[in-house]
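All remarks here apply to the structure that follows.
Lettering of chains follows the sequences in order, A, B, ..., and the numbering in each one begins at 1. Everything quoted here is computed from the prediction, not taken from an experiment.
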Amino acid sequence: MRVRFAPSPTGYLHIGGARTVLFNWLVARQANGQFILRIEDTDRSRHVEDSVQKIFDDLRWLGLDWDEGPEIGGDFGPYYQSQRLDIYHEHIDRLIQGGCAYYALETPEQLQAMREAAEKSKGGFRYPRPDPIPTIEQGEAARSAGQPVVVRFKMPDEAITVVDDILGEVTLASDQFEDFVIQKSDMFPTYHLACVVDDALMGITHVFRGQEHLMNTPKHIALQKALGFSTPRYGHLSVIFNPDGSKMSKRDKEKAIKQGVAPPEIDVHDFRSAGYLPEAVLNFISLLGWSPGNDIERFALDEMVALFRVDRIGKTNARFDRDKLLAFNTDWSTRVSPTRLLVAFKDFLNIHEDTPAMMREADDAILARMLSLCEGFRTFADVIKKTGFLFVADESIEFMPKAVKKVLQKKEGAGLAMLMQLLPKIESLSDWSGEKIEQLLSDICEESGEKLGNVAQPIRVAITGSTVSPSIHETLAFLGRDRTLTRIRRCLAMHS
RNA sequence: GCCCCCAUCGUCUAGUGGCCUAGGAUACCGGCUUUUCAUGCCGGCGACAGGGGUUCGAGUCCCCUUGGGGGUGCCA
């Protein structure tokens, strides 16, 4: 079995594309087949600089490796379509010479006008085969005269049935077909031609792709027949939508930024820089249109390989529920090993834009402690938020007015009084460990009859400026004795 | 407009004619744990789009309606 993923380099890898890769990859790995990566860069106008590298990065982050393709090589290369132009020309030529394709002379403007006319008369436009068809000589003459000339494939006049491993049999009547373009006027092949030729020459046996390609498949089958290729097995995947039912597109991000709200994660890279684990992302998207058929929902990549079954891929479109992804991420953050979590966290700190400088320089031991302090977090971004106060200078702690009022000043300054009372006791603690600090605080509570909250909260506000932090004794242990005392003193000086 | 695909809790889904009084996850609500924010644990709410058939029996098969989606590019 040989399967492929064939993105066009128009930007980062979309989350929907990620699911397509995942399913293809799973099928290949399970069958001990090959997974091939091919870059479909036949549209020069849409090409985005660096996006190929970005797609590789995203795939590697997800842990989806390819057996053949860019940066790996293989016996069926090159794996960039832009480097296979001669191959396509050869095949296009064969079709023209064999009478299966012909030069078409309409300009884009003429076609546009025909489409508009068809729309006005409430009909759909279908390209009418010219009668007579331009001869090869006419086509070549027009081309050398500088006119835009394309090559169109003669679609056969018969119904075509797509045998789909997900959808079943889908038959399209011949009156739905038209002679479609296989070579553009810039001499590049269209997607249809390049895809069919490459799939055949690369020995692809199974194609799982988005449902937007279902109507293309009869075209591809006809091309395969004309070229003497066999038809691979096809499977068309459902579409993934936003929670509101709209299409998940990169434009959502621009829209959100314009409206001043946080842009939603759309591309794989967005999830990476927002602090998700690839394990969680993979697990979550695997469940969009697939299920192992029982009540088990959590699995790592290797478990998915074992469980995956093409006949368990669903037909229904799915909405992307970020809340559920978030829950998966929390779950996976406790499921992976501490070592693995640390590696992922460091990757995040590198990529994330708002990583505090001091955090960037923190060593592994400190980062690992941050993670364990924050156990139960949603994303890595929350870890930054929750521990950020540890990474600012003691004299730069900003006190949130609400916190000061509620915890320190209420009840005639009970909180401040508590801090004052606490200060000497904390000063005299010689063994500065989490356990000892916890012991000290509970002793204080017992002596004074105070609830732990009344003791811990003022300290929390004093050292963080807010009412939120990891558990108080661990936080103090982390901060260290000197910095703790400095912060408490500063707080007392500012608010007494 | 035409062609095609799809249809179970808000969302992701299990269900392949009797195991369905429809299961799980997530969200939401309530309780417990707790020094804060979370996490965790327990409980609750909550769906077969509508209408016709077929059958002893239908969420499961067929038809229609409705709704959603895809296609109708010298994009992929």
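- The distance between the ring centers of A/Phe188 and A/Tyr88 does not fall below 6.0 angstrom.
- Ion pair A/Asp43/A/Arg46 flagged as a salt bridge, since at least one NZ, NE, NH1 or NH2 atom sits closer than 4.0 Å to an Asp/Glu carboxylate oxygen.
- For the pair A/Arg312 and A/Phe308, the cation does not sit on the ring face, since its NZ or CZ is not both under 6.0 Å from the ring centre and inside 45° of the axis.
- Taking a 6.0 Å sphere around CZ of A/Arg251, one finds it holds 12 or fewer heavy atoms contributed by other residues, nucleotides or ligands.
- Using a 4.0 Å heavy-atom distance criterion, A/Arg152 is classed as a sugar-phosphate-only contact.
- A/Gly293 comes within 4.0 angstrom of the backbone, heavy atoms only, and of no base.
- If you check every strand for non-hydrogen atoms under 4.0 Å, A/Ser469 touches a base.
- The pairing partner recorded for B/A76 is none, the criterion being a Watson-Crick or G-U wobble arrangement whose two distances lie under 3.5 angstrom.
- A/Ser8 comes within contact range of the sugar-phosphate backbone alone, with a heavy-atom separation under 4.0 Å but no base atom that close.
- Base contact: A/Ser471 has a heavy atom under 4.0 Å from a base atom.
- If you check every strand for non-hydrogen atoms under 4.0 Å, A/Gly314 touches nothing.
- Boundaries of the chain A contact region on RNA chain B are B/G1 to B/A76, first to last in 5' to 3' order (nucleotide atom under 4.0 Å from a heavy atom).
- Mapped onto RNA chain B by nearest heavy atom, A/Asp331 and A/Arg312 fall at different nucleotides, with A/Arg312 at the one closer to the 5' end.
- Taking atom P on both B/A14 and B/G73, the two are 35 Å apart, rounded to the nearest angstrom.
- With contacts defined as side-chain heavy-atom distances shorter than 4.5 Å, the pair A/Leu287/A/Phe299 qualifies.
- Annotation: of the two residues near RNA chain B, A/Arg19 and A/Asp323, the 5′-most nearest-nucleotide partner is A/Arg19.
- Looking at heavy-atom distances under 4.0 Å, A/Asn216 makes contact with a base.
- Counting non-hydrogen atoms under 4.0 angstrom, A/Arg460 reaches a base of the nucleic acid.
- For the contact set between residues 379-389 of chain A and RNA chain B, defined by any heavy atom under 4.0 Å, the members are A/Lys386.
- Of the candidates A/Glu106, A/Glu178, A/Arg115, A/Tyr127 forms a side chain to side chain donor-acceptor pair (under 3.5 Å) with just one, namely A/Glu106.
- In this structure, A/Gln81 reaches neither bases nor backbone, as no heavy-atom distance under 4.0 Å exists between it and the strands shown.
- Electrostatic pairing of A/Asp331 and A/Arg335 counts as a salt bridge here, judged by a charged N lying under 4.0 Å from a carboxylate O.
- Under the 30°/60° scheme for interplanar angles, the aromatic rings of A/Phe180 and A/Phe153 are found to be tilted.
- Using a 4.0 Å heavy-atom criterion, one finds that A/Glu297 contacts the bases of the nucleic acid, with or without backbone contacts as well.
- A/Thr316 comes within 4.0 angstrom of the backbone, heavy atoms only, and of no base.
- Within 6.0 Å of CD on A/Glu303 lie more than 12 heavy atoms contributed by other residues, nucleotides or ligands.
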